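Report on the structure given below.
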Amino acid sequence: MADLQLSADEEMVERLLDAAARGDLGQVSSVLSRAPSLIDRTGSRGWTALMFGARNGHYDVVKELLDRGCDRFSVNASSQTAYDISKFWGHGHVCRLLGRTDAPGENYFGRETLDRLSARRTDQAWLEARRTAADTVYLLFSKLSPMVSTSCRRQGGQPELRLCRLGHDAVKPLLQKPSTVLVFLGVERTDPPSPSCQADEAPRDPPAWFAVGTEEDADEFLAGGGEEKRLFPRSSHRDLLTLSEDEAGVVAQARSVLAWHNRYSFCSTCGGGTRLEDGGYKRSCLNAECPSLRGVHNTCYPRVDPVVIMLVIHPDGQQCLLGRKKMFPAGMFSCLAGFVEPGETLEEAVRRETQEESGVKVGRVQYVSCQPWPMPSSLMIGCLAVAVTTDIRVDENEIEEARWFSRQQVMDSLLDGAQRVLTVPPRQTIAHQLIKHWIGMNANL
Ligand SMILES: NC(=O)C1=CN([C@@H]2O[C@H](COP(=O)(O)OP(=O)(O)OC[C@H]3O[C@@H](n4cnc5c(N)ncnc54)[C@H](O)[C@@H]3O)[C@@H](O)[C@H]2O)C=CC1
Ligand SMILES: [Mg+2]
Ligand SMILES: [Mg+2]
Ligand SMILES: [Mg+2]
Ligand SMILES: [Zn+2]
């Protein structure tokens with residue numbers, strides 16, 4: 001009986017994959033209406049229905065699968081996502097649907113959905129008008145944690161977090177407290193006005209977004225979410241990774257600026273009190289004699305810490321160097337990383353940190369992509385680096401173990417159901433994307 005059930009399932013999967021490859025939307029919908037759990041099932045070489053639809057540029061099929069909640073990030077035996085496949089075959093319209101509009105290299109936390117409009121930060125009258133406008137969006141952060149609502153829309157009941165968007169009335173009492181920090185994030189990006197617009201119609205400002213930060217619990221805001229549960233997640237590293245790409249980009253900006261206010265409330269030059277300026281993008285010292293008020297003083301502006309993160313490739317080209325910190329979950333290995341030091345180039349930082357942490361010497365360094373990492377405000381600069389020596393000697397203060405892994409071992413770690421000798425960090429990290437980038441450099445589809 002179990003066997004019969006299994007083969008009926010397999011037959012349905014075959015039908016689904018075939019329909020997706022042919023662009024038969026009716027058949028795809030009909031199979032999934034009867035058996036929704038088959039949506040991410042794979043056929044030969046790990047191909048899903050989404051990948052087949054993407055391979056052949058079937059826009060409607062890809063849209064239907066995404067609307068039904070398929071996993072857009074799963075990878076096939078060549079470690080390619082549906083996006084990689086549609087990009088390879090030149091289906092730009094499908095790439096856009098799969099959520100990546102631009103070049104490869106867009107990382108989680110990196111999407112810029114707002115226009116920061118930095119020139120408006122000093123325009124008090126404009127900012128004041130935007131603060132009270134009916135369409136203005138406020139994001140509330142308590143102790144650097146954004147207020148989110150949860151729903152159980154994702155497959156497998158995994159809760160999906162969404163930012164709560166509040167209006168001016170809701171946050172007005174909080175804004176009156178002197179300890180509250182307000183940061184102007186920008187305005188929503190809009191399409192250029194259509195030619196049919198009346199020439200005498202004044203263009204309207206798009207909705208503005210602000211972040212409001214408080215060090216209080218702010219639990220009174222958690223009521224009133226209707227059916228959805230509202231909360232301030234306490235584990236920022238894990239929970240922030242479950243936001244959508246759009247919302248993650250806004251959180252990266254807001255959380256880093258709020259974290260700076262939180263840590264730099266006094267002048268770091270003279271220890272005096274400070275005043276918020278420039279829409280929350282500057283803190284000026286209140287002491288008129290303070291040297292920080294003369295010349296260029298970076299202490300007045302939000303800080304960003306550059307960090308290099310590198311996938312070091314063995315001289316044979318077929319292995320890469322990964323390490324694990326003691327705090328990592330068992331079996332997890334990641335790229336080596338380290339803060340850039342003053343007066344150092346990125347290439348030198350890659351060579352120094354690799355040698356310090358693993359004893360391996362690196363020659364050529366190539367930049368790949370970067371990622372804002374708002375814990376609290378690093379900019380991860382992702383590089384590939386070619387090793388010129390191979391002996392490993394780890395710095396035990398920082399790294400528990402470092403090893404060369406073969407391309408096949410790394411590919412298996414990215415595949416569902418394969419035998420794994422290691423796990424890699426989740427897809428939202430640039431470490432994961434660098435590893436995939438290296439695998440993808442030689443993968444054939
Ligand atoms: N998104 C991703 O995929 C990954 C992100 N990271 C992030 O990169 C950052 C740096 O990586 P690590 O290996 O820890 O750096 P690291 O190898 O330079 O060692 C960190 C240590 O260096 C010292 N240090 C030097 N300059 C510092 C600075 N500007 N700020 C803070 N500490 C400084 C501190 O003692 C600290 O404990 C971490 O904050 C981590 O969260 C690390 C790996 C992966
Ligand atoms: Mg390190
Ligand atoms: Mg370091
Ligand atoms: Mg280090
Ligand atoms: Zn000062």
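Counting convention: from 1, in listed order, for ligands and their atoms alike. For clarity, every value in this text was computed on a predicted model and none was experimentally measured.
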**Short side-chain donor-acceptor distance under 3.5 Å, Ser334 and Arg324** = no
**Item:** Residues Lys87 and Asp84 bridged, charged N to O under 4.0 Å
**Value:** no
**Asked** Should we say atom NZ of Lys143 is surrounded by more than 12 heavy atoms from elsewhere, each under 6.0 Å from it?
**Response** yes
**Request:** Tell me, please, if Glu356 has any N/O/S atom, main chain or side chain, under 2.8 Å from the Mg ion (ligand 2)?
**Result:** no
**Prompt:** When you measure from the Mg ion (ligand 4) to each N, O or S atom of Glu357, which atom gives the shortest distance?
**Reply:** OE2
**Message:** At a threshold of 2.8 Å, where the distance has to be below it, does the Mg ion (ligand 2) have an N, O or S atom of Ala337 nearby?
**Reply:** yes
**Item:** Parallel, tilted or perpendicular: ring planes of Tyr59 versus His93, cut at 30 and 60 degrees
**Value:** parallel
**Complete:** Angle subtended at the Zn ion (ligand 5) by Cys270 SG and Cys267 SG, to the nearest 10 degrees, is 120°
**Request:** Please state whether the separation between the Mg ion (ligand 4) and some N/O/S atom of Glu398 is under 2.8 Å?
**Result:** yes
**Request:** Return yes when at least one N/O/S atom of Glu353 is nearer than 2.8 Å to the Mg ion (ligand 4), and no when none is.
**Result:** yes
**Message:** Between Ser369 and Asn107, do the side chains contain a donor N or O and an acceptor N or O under 3.5 Å apart?
**Reply:** yes
**Message:** I want to check a possible cation-pi pair here: Arg407 against Trp438, using under 6.0 Å from ring centre and within 45° of the ring axis as the test.
**Reply:** yes
**Item:** SG (Cys285) - the Zn ion (ligand 5) - SG (Cys290) angle, nearest 10°
**Value:** 110°
